[in-house]
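Following: one structure in structure tokens, then a few remarks.
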Amino acid sequence: MSESTLAQPIEQALKSKAEDRVSVASNWQLVWWRFRKNRLAVLSALVLIGFYIVVLFPDFFSTQDHEFTDAKLAFIPAQGFHFFNGLTPSPWVPAVVGKRNLVTLRMEWNVDETKQVPVRFLTQGYKYKLFGLIESDLHLIGLADQKSEDRIYLLGTDRLGRDQWSRLMFGTRTSMTVGLIAVALSVILGVLLGGISGYFGGWADLIIQRFIELLQSLPTIPIWLAMTAALPRDWGPIEVFFAITVILAFIGWTTLGREVRGRFLSLREEDFVLAADLAGCSQLRIILRHMVPAFMSHIIATSTLAIPVMIINETSLSFLGLGIRPPAISWGVLLQEATNIQTLALAPWLLTPGIAVIVAVLAFNLVGDGLRDAADPYSR
Amino acid sequence: MNNSTPILSVRDLKVHFPLDEGTVKAVDGVTFDVYAGQVFGIVGESGCGKSVTMKAVLRIVEPPGKIVAGEIILRRSVAGANGSQMDDLINLTALDASGRVMRSIRGAEIALIPQEPMASFSPVHTIGDQIIEAIMLHQAVNQREARKIALQMLKDVGIPIPDQRLDEYSWQLSGGLRQRAIIAMALSCNPRVLIADEPTTAVDVTTQAQVLRLLRRLQQDRNAAIIFITHDLGVIAQMADYVMVMYLGLVMEQGPVDEIFHAPKHPYTQALLRSIPTITMTPRENLPTITGSIPHPFNKPRGCPFHPRCEKSIAGKCDQAVPPLRRIGANQMVSCFLYE
Amino acid sequence: MLRFIAQRLLLLPVLLFLFSVVVFILVEAPPGDFLTSYMATLASGGSSIETEQLEALKQQFGLDQPIHIQYLRWMESLSKGDLGLSLEYQRPNIDLIGERLWLTIALALFAFFITWIIAIPAGIYSATHQNSLLDYVLTVLNYIGVATPNFLLALILMWVAYAQFNVSITGLFSSDYIQAPWSVARVIDLLQHIWLPAIVLGIGGTARLTRIMRANLLDELHKPYVVTARAKGLSEWKVVLKYPVRLAINPLVSTIGWYLPQLFSGSLIVATVMSLQNVGPLLLRALTQQDMYLAGSILLIYCFLTIIGTLISDVLLAIVDPRIRMEGA
């Protein structure tokens, strides 16, 4: 008897303490607590962080200069990476040996597992400029013997003998940034126009809504293609990059715009907005300090779900030759190398950028779903 | 069959919901009898297990809910060997919930008037479609005859221009008409037990009075039994012949309506009745409330579930064991240690 | 309902006019025109074209006129049902597009039906067997389906077929029938080839639709009308199929509005990878060669198909949902 009566107050005290914590937590904390419970989403978030570390330091992760070409070294297969030499932890890669095929007169490369090329982690390699400023030659993986003739081909080479792994690192940089910037632009456009539409209503709303409808009834992919085809041929990689982002954002913002408008319409009727208005807040302050924070978590969730769409679109456009153009590298550009089926049969590792696409898109979708559920536990 | 043997007997029914957080014992040992021609009222606060009990009787408890113990016995008449009518006892808990036998009982012998008339009709099927479907399911009639029966049903429950209503959708009807249509559907197969699950919560007071009168009349015409579930004591006083009071999945008290209202035995019933405003009260007098709140279903108190809120709780007794349901008086039963 | 459709139909020419302006600006936008790039090609080949001939060509296509005149001329011929002449092929655009257009529509419709035939039962199963093993498997497949771009899936399938079975799965016809006139045998040949590109095209949509169907049905399964239907004594599968499934599908009908257009334009990429003879590759070539009237015509056709897709969706929605139907009345 004493046990149950004693236990109860303690239990209740603990419970009320937990409740206090919940009741004083900010909205962001609540979202984070709910998000944390979704293991798959947390794991995906870690994967994405990994991707963006690569985006920041592509040279560090590269094993060779990604622009180096040598037709002799075409279609070298992936070596495979070994962490142990026997039982001792000493990483190595097998050497590749080339032999000229006397019929086709092409060099044919094979992995020779008997010949070990020792490699080291966090070692020196080719020189590069970190962020274009700081000179460095530090790499994640490098040859143990700097003067050795051997090379590291983690994912083999393409038809021009370029190292697929190093190119993949740089493709990651482009593709992951295009998605991010395009979505950032759409968010700005969407919040601005959707906000005007939802907050002020009337003519502004009518015009913006009709404009959104017009854009949404355009056939996306053909219009995209026409727009990118209209880009001047002589533009440099950076100009094309920004043009592509703007083009992607131009059609992508409409969904966000609609959502923001809907939120504004419902929030406009809320008492706290009326209260702020009566307290003499300026309209801009009401929008920025009172309304935007109320739906920020939703916007973030929706934007996270928009990034993978952008990535797929960029990849598809580049793959068709109407997006990012060589010598710039993106996942789509890399996959262009895999268009020819005979080549692909000879060098299946050319499909590896596709794996990167799938993993990135998957991770973004899982994180986005997790955020959406965390931002609003009542919506599915 | 006569009115002195129960048409439906529930014995020690237990329905549990095993969830990740723990098991919710929504119904934890409920026993009662329902007689033909009787309105059997069940009262209790929301979450006391009254709706789950009824879903169990219909065998439509939603997963993960499960009947873990008890019997639900339905008495029905079947044609005997010599052409006479014979009583047949059938234990519903032993049937396959989705089997043929149970389905032939559901809707035909025991029918349900659901809680929310608004949401209880599919919005994309016409009223007629949904009523005719029920009729054709249990009676050997064709589409035309079924439509005729449905039309008659709508007339019986007092729906004007029934012919037109049959081809309308539920959202085209007013709240009162919708409620009547739901009743018509429940009655369409002449059930002998009619379960009305808070049928008047969603309609206004005038409609409520009409619906109650309608149910009364229909019940008298057809000699059916009505199980009337509500949390509104006023409605129970008006409708029921016999009342069962539930709290946290257990029966607190049951008895004839006059006994329950004029000589309540269980402290919970007494407290409930005290909390109703009466005309004799002095103005601005505070209404007595039951102290505390309903415990969370995961940590039901040990012993009598009401003891933490009970004024007459006996320490060392009420918090140790659940008092058994014992008979006091001719028809009244109470589950409380005060009457040992 | 009829008024609603009439309203939409009246809007059609307005939209088409707006789109024609957008399209014209787009195909006109690249610096230079077809002739400059044509001359560049000729020059790189070592030959050249005489100035007189060039002027004649310019006049023939109206390239010497100001832009708005060019647009009006294009509109004029369009209104007569004339899609103009291809600059590159020197053939009427309508001949070039002709059959390819029907193949585009056929491919999209095939993909559409495959999507629905797979997604609806899969969604129903997942929702009614929530958290079962197959539900999890379907969920994982859905995520992967959404994450795989069409063209990548096409590449993988083609590679597997080639590397493992040494068959080439490109094209919509076997070599005997590519140039053949239409016949029963050719249709059968088409049916034998079209399903694979259709699956590739529809896989992303299938995954998305399955997820929506599952979520919608889960919402509906706990509605009171399901309890009512069950209490009638209907068998479980009849309850589920007649009531919640019907209500869960209703909102899906509105997805047709964006899904069909998406299939029309999505087929462009799949067609390019799998070398299907539809309008996609033609558009791609026209765009890169600045064959502006051909590109313009195809783009306008895509716009038209998109509008039609939305219209079909609106009409279907009104048919399946009495609430929307009555609203318009």
Side-chain angles (χ1 to χ4, degrees), chain A residues 40 44 210 213-234 308-309 311-317 319-322 331-332 335-336 338-346 348 350-351 353-355 357-366 369 379-380, chain C residues 15 18-19 22-23 25-32 143-144 146-153 155-156 158-159 161-163 166 168 170 204 215-216 218-219 257-258 261-262 264-269 272-273 279-280 283-284 286-288 290 295-296 298-299 302-307 309-310:
Chain A
L40 211 53
S44 304
R210 291 297 91 78
E213 271 167 32
L214 187 73
L215 280 183
Q216 285 191 334
S217 48
L218 279 173
T220 342
I221 297 173
I223 293 296
W224 256 322
L225 288 178
M227 284 170 114
T228 49
L231 297 179
R233 302 275 129 181
D234 48 359
V309 180
I311 292 180
I312 289 191
N313 287 333
E314 180 277 321
T315 313
S316 306
L317 284 181
F319 176 76
L320 290 179
L322 285 169
W331 288 336
L335 283 168
Q336 258 186 312
T339 321
N340 188 318
I341 289 303
Q342 277 87 359
T343 313
L344 197 54
L346 189 69
L350 291 178
L351 267 182
I355 298 171
V357 177
I358 295 177
V359 171
V361 173
L362 205 58
F364 267 119
N365 278 333
L366 287 168
D369 281 352
S379 76
R380 271 170 203 281
Chain C
L15 273 177
L18 284 173
F19 286 166
V22 174
V23 162
I25 293 172
L26 281 176
V27 293
E28 179 59 35
Y143 267 106
I144 295 175
V146 171
T148 315
N150 280 338
F151 74 89
L152 189 59
L153 184 66
L155 272 185
I156 293 172
M158 285 160 68
W159 168 55
Y162 182 81
N166 204 19
S168 151
T170 54
N216 282 358
L218 280 177
D219 274 348
W258 53 259
Q262 196 185 309
F264 288 132
S265 42
S267 67
L268 195 155
I269 296 178
T272 312
V273 183
V279 290
L283 172 66
L284 215 58
L287 281 174
T288 44
Q290 298 193 14
I298 297 175
L299 283 173
Y302 272 120
C303 290
F304 183 70
L305 288 177
T306 305
I307 302 172
T310 323

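Model, not experiment: these values are computed from the prediction. Just so it is clear, the values below take in all heavy atoms, side chains as well, and ignore hydrogens, waters and symmetry mates. Numbers restart at 1 for each chain; the letters A, B, ... are given by sequence-line order, proteins then strands.
- If you tally non-hydrogen atom pairs under 4.5 Å between each of C/A163, C/G280, C/A286, C/C303 and chain A, the highest count goes to C/C303.
- Contact of A/L346 with chain C is not made at all, since no heavy-atom distance falls under 4.5 Å.
- Residues that satisfy the ring pair (Phe, Tyr, Trp, His ring centres under 6.0 Å) test with C/F151, not counting sequence neighbours, are A/F319.
- The structure places CG of C/L287 at 12.5 Å from CE of A/M227, a figure rounded to the nearest 0.5 Å.
- Contact count against chain A (heavy-atom pairs under 4.5 Å) is highest for C/S265 among C/P149, C/A295, C/S265.
- In this structure, chain A has a heavy atom under 4.5 Å from the side chain of C/L18, while its backbone stays farther away.
- The contact between A/S316 and chain C is made by backbone and side chain atoms together, counting heavy-atom distances below 4.5 Å.
- With rounding to the nearest 0.5 Å, the separation of CG in C/L15 from CG in A/L218 is 9.0 Å.
- Taking CD1 of A/I221 as the reference point, atom CZ of C/F264 lies at 13.0 Å (rounded to 0.5 Å).
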List the steps, then state whether side chain to side chain contact (heavy atoms under 4.5 Å, CB included) holds for C/L284 with A/L322. CA-CA 9 Å; C/L284 215 58; A/L322 285 169; 3.6 Å; yes
Determine, step by step, whether C/L268 and A/L320 satisfy the side chain to side chain contact (heavy atoms under 4.5 Å, CB included) criterion, reporting the C-alpha distance in whole Å, the side-chain angles of both residues, the deciding distance to 0.1 Å, and the verdict. CA-CA 10 Å; C/L268 195 155; A/L320 290 179; 4.1 Å; yes
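- Using a 4.5 Å cut-off between heavy atoms, A/I311 makes no contact with chain C at all.
- Put simply, OH on C/Y162 and CD1 on A/I341 are 9.0 Å apart, with the number rounded to the nearest 0.5 Å.
- Both the backbone and the side chain of C/L26 come within contact range of chain A, each with at least one heavy atom under 4.5 Å from a heavy atom of that chain.
- If you tally non-hydrogen atom pairs under 4.5 Å between each of A/P308, A/P348, A/G321 and chain C, the highest count goes to A/P348.
- A 4.5 Å side-chain heavy-atom check between C/V146 and A/L362 finds every atom pair outside the cut-off.
- With a 4.5 angstrom heavy-atom cutoff, A/N313 does not touch chain C via any of its atoms.
- Interface remark: C/T148 contributes backbone and side-chain atoms alike to the contact with chain A (heavy atom separation under 4.5 Å).
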Assess the residue pair C/Y143 and A/D369 against the criterion (side chain to side chain contact (heavy atoms under 4.5 Å, CB included)); give the C-alpha distance rounded to whole Å, side-chain angles, the decisive distance to 0.1 Å, and a yes or no. CA-CA 11 Å; C/Y143 267 106; A/D369 281 352; 2.4 Å; yes
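- Using a 4.5 Å cut-off between heavy atoms, A/P222 contacts chain C through both its backbone and its side chain.
- When heavy atoms are compared at a cutoff of 4.5 Å, C/Y302 approaches chain A by way of both its backbone and its side chain.
- Contacts between C/L152 and chain A at a heavy-atom distance below 4.5 Å involve the side chain alone, from C-beta outward.
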